[in-house]
There are 2 protein chains.
Amino acid sequence: MTEVTRPRMTRQRQAILDALDGGGFRSAQDWHDHLRHDGASIGLATVYRSLQHFAESGDVDTVVTASGETLYRRCEQPEVHHHHLRCRNCGAAVDIDIPDLESVTNRIAAQHGYTDVDHTVELIGVCADCTKVSGAKASG
Amino acid sequence: MTEVTRPRMTRQRQAILDALDGGGFRSAQDWHDHLRHDGASIGLATVYRSLQHFAESGDVDTVVTASGETLYRRCEQPEVHHHHLRCRNCGAAVDIDIPDLESVTNRIAAQHGYTDVDHTVELIGVCADCTKVSGAKASG
DNA sequence: TGGAGGGTGATAATCATTGTCAAACTGGAG
DNA sequence: CTCCAGTTTGACAATGATTATCACCCTCCA
């Protein structure tokens, strides 16, 4: 178990990390698009793999949309468990902390006899900028 | 907008609703499997469509797993917003309520200028039964 | 510089889900 | 009960995201 495969820094990975700095949650294919527009020559499969590796090593955050797409973003706090408030329109996101959430969920889980509990929390809304742009648009 | 298409009760839909009473979150394909084993003759596409219709009408709850699969379950409280504590092993789930979550998330969203905010919360662990079965199994 | 092994990328494959469309079925009218 | 209209069904193709393949390329260490 002491054999750790250390990552190599290739042009592609560097380009991905660079693109990631643009901020916002985007799908692998979106990032791929972004990279190509940026002039980078990189394959879609490579983007998927790299993004996954980064996610595993904690360098990027991932969320799964309701449609099943996985979105990736540069993680700002690799070590701290946190949640996101994401704009459903532009993908912008801010890290948030929900006080006591951990303890509350742990307690609830314990009450029901559940162990090894993990939780997923996502807040999805419309950011200030997009709210301005779309005006008083009512979605439903 | 006053034209509402009212659903017809077909053998297939009845079978699905019946199977749904078995409880637990399962994927459309799982339910389809279950139905076939149950002796029902029903197509996969029909299961998907019916489940979606039920979901839209609020009769079933849906959650999306990390792998992008959509899971369905008979909804017990169609009108009340609630969350789930689900067993990652057997799919069993209990409805839970997280006190003050709504107000907390709304406040946080407002602080960041987000509007029209919705939230997703899922607790995933191992239920008491599965914990017993698998013993003191450590996953990591 | 040379070698070893991970990394890359075009493409096929996989998997869940949706679209298609003719035939079967449900529910109400006559 | 019979007929009709419109829904629903189901087999299968199509879609779309993601993963596996696999031979060639490149990074990193000695």
Side-chain angles (χ1 to χ4, degrees), chain A residues 1-20 24-57 59-73 91, chain B residues 2-20 24-57 59-73 88 91:
Chain A
M1 54 165 71
T2 53
E3 275 308 333
V4 286
T5 306
R6 87 203 68 96
R8 289 185 183 173
M9 189 46 59
T10 62
R11 180 205 343 283
Q12 289 88 339
R13 297 204 172 179
Q14 192 54 63
I16 291 175
L17 287 176
D18 204 52
L20 244 27
F25 273 102
R26 298 186 176 203
S27 67
Q29 306 204 33
D30 268 2
W31 284 123
H32 179 242
D33 244 38
H34 191 70
L35 285 160
R36 307 283 279 214
H37 285 166
D38 223 52
S41 175
I42 187 171
L44 181 56
T46 299
V47 174
Y48 271 104
R49 275 181 304 225
S50 301
L51 247 18
Q52 278 165 16
H53 289 166
F54 290 149
E56 277 170 35
S57 61
D59 291 321
V60 309
D61 271 344
T62 65
V63 298
V64 179
T65 69
S67 62
E69 266 185 320
T70 301
L71 307 183
Y72 303 83
R73 187 184 75 149
Chain B
T2 54
E3 277 308 334
V4 286
T5 306
R6 89 204 65 96
R8 288 186 184 173
M9 190 45 61
T10 62
R11 181 206 340 283
Q12 290 88 338
R13 296 204 172 179
Q14 192 54 64
I16 292 175
L17 287 176
D18 205 52
L20 245 27
F25 273 102
R26 299 186 175 202
S27 67
Q29 307 204 33
D30 269 1
W31 284 123
H32 178 242
D33 244 37
H34 191 71
L35 285 160
R36 307 283 280 212
H37 285 167
D38 223 52
S41 175
I42 188 171
L44 181 57
T46 299
V47 175
Y48 271 104
R49 276 181 302 226
S50 301
L51 247 19
Q52 278 165 16
H53 289 167
F54 291 147
E56 277 171 34
S57 61
D59 290 320
V60 310
D61 271 345
T62 66
V63 299
V64 179
T65 68
S67 62
E69 265 186 319
T70 301
L71 307 184
Y72 302 83
R73 188 185 75 150
R88 86 179 87 227

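Naming: A, B, ... by sequence-line order, numbering from 1 per chain.
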Asker: Nearest whole angstrom, please: distance from the P of dT19(D) to the CD of E69(B).
Answerer: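 To the nearest whole Å, that distance equals 13 Å.
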Asker: Name the nucleic acid region contacted by T70(A), choosing base, sugar-phosphate or nothing; use a 4.0 angstrom heavy-atom cut-off, strictly under.
Answerer: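 Touches sugar-phosphate only.
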Asker: Per the end-axis method with five pairs at each terminus, what is the bend angle of the helix from dT1(C)-dA30(D) to dG30(C)-dC1(D), to 10°?
Answerer: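 The angle, to the nearest 10 degrees, is 30°.
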Asker: Can you tell me how far CG of D59(B) sits from CG of L17(B), rounded to the nearest 0.5 angstrom?
Answerer: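 Result: 7.0 Å between the selected atoms.
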Asker: For nucleotides 23-26 of chain C, tabulate all protein N/O to nucleotide N/O atom pairs closer than 3.5 Å, reporting atom names and distance.
Answerer:
unit_1	atom_1	unit_2	atom_2	d
dT26(C)	O2	R8(B)	NH1	2.9

Asker: Please report the closest heavy-atom contact between R73(A) and G24(A), naming both atoms and the distance.
Answerer: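 For R73(A) versus G24(A), the nearest heavy atoms are CG-O, 3.3 Å.
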Asker: Does any donor-acceptor pair link the side chain of R49(B) with the base of dG10(D) at a separation under 3.5 Å?
Answerer: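 Indeed, a donor on one side and an acceptor on the other fall under 3.5 Å apart.
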Asker: What residues in residues 26-45 of chain A put a non-hydrogen atom under 4.0 Å from any atom of DNA chain C?
Answerer: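 DNA chain C contact set from residues 26-45 of chain A: S41(A), I42(A), G43(A), A45(A).
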Asker: Please report the distance, rounded to the nearest Å, between OH in Y48(B) and P in dC15(C).
Answerer: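 Atom-to-atom, Y48(B) to dC15(C), this comes out as 12 Å.
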Asker: For the side chain of W31(A) and the backbone of L20(A), is there at least one donor-acceptor N/O pair under 3.5 Å apart?
Answerer: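 Not at all, since once roles are kept as given, no pair shorter than 3.5 Å links the two residues.
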Asker: On DNA chain C, compare the nucleotides closest to Q52(B) and H53(A); which residue's is nearer the 5' end?
Answerer: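 In this pair, the answer is H53(A).
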Asker: Only counting residues at least two apart or in another chain, list the ones meeting side chain to side chain contact (heavy atoms under 4.5 Å, CB included) with V64(B).
Answerer: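 Only V64(A), T70(B) meet the side chain to side chain contact (heavy atoms under 4.5 Å, CB included) criterion with V64(B).
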Asker: Holding to side-chain hydrogen bond (donor to acceptor under 3.5 Å, both in side chains), I want the full list of residues that pass it with T65(B), two or more places apart in sequence or in another chain.
Answerer: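 Listed in chain order: S67(B).
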Asker: I need the H32(A) NE2 to I16(A) CD1 distance, nearest 0.5 Å.
Answerer: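 It comes to 9.0 Å.
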Asker: Can you tell me how far C1' of dG7(C) sits from CZ of F54(A), to the nearest Å?
Answerer: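 Rounding to the nearest Å, CZ of F54(A) and C1' of dG7(C) are 12 Å apart.
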Asker: Would you say dG9(C) has OP1 or OP2 under 4.0 Å from some side-chain N or O of T46(A)?
Answerer: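 For T46(A), the contact criterion (side-chain N or O under 4.0 Å from OP1 or OP2 of dG9(C)) is met.
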Asker: Which residues pass the ring-ring contact (aromatic ring centres under 6.0 Å, His included) test with Y72(A), not counting sequence neighbours?
Answerer: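 With neighbours one apart ignored, the set is empty.
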Asker: Is it true that, when you exclude R36(A) itself, more than 12 heavy atoms of the residues, nucleotides or ligands shown sit nearer than 6.0 Å to its CZ?
Answerer: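 Atom CZ in R36(A) is crowded, with more than 12 foreign heavy atoms closer than 6.0 Å.
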Asker: Just distance, no hydrogens or angles: give the donor-acceptor pairs under 3.5 Å from side chains in residues 37-55 of chain A, sequence neighbours left out.
Answerer:
unit_1	atom_1	unit_2	atom_2	d
Y48(A)	OH	Q29(A)	NE2	3.0
S50(A)	OG	T46(A)	O	2.8
H53(A)	ND1	R13(A)	NH2	3.2

Asker: I need the CD-C1' distance between Q12(A) and dG9(C), as an integer number of Å.
Answerer: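 Going from CD in Q12(A) over to C1' in dG9(C) covers 9 Å.
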Asker: Ignoring backbone atoms, establish whether S50(A) has a side-chain N or O less than 4.0 Å from OP1 or OP2 of dG7(C).
Answerer: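 Checking S50(A) against dG7(C): no side-chain N or O falls below 4.0 Å of OP1 or OP2.
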Asker: So how far is it from E69(B) CD to T62(B) OG1, rounded to the nearest 0.5 Å?
Answerer: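 Spacing of CD (E69(B)) from OG1 (T62(B)) equals 13.0 Å.
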Asker: Would you mind reading off the distance between Q14(B) atom CD and dT9(D) atom C1', rounded to a whole angstrom?
Answerer: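 Answer to the nearest Å: 16 Å.
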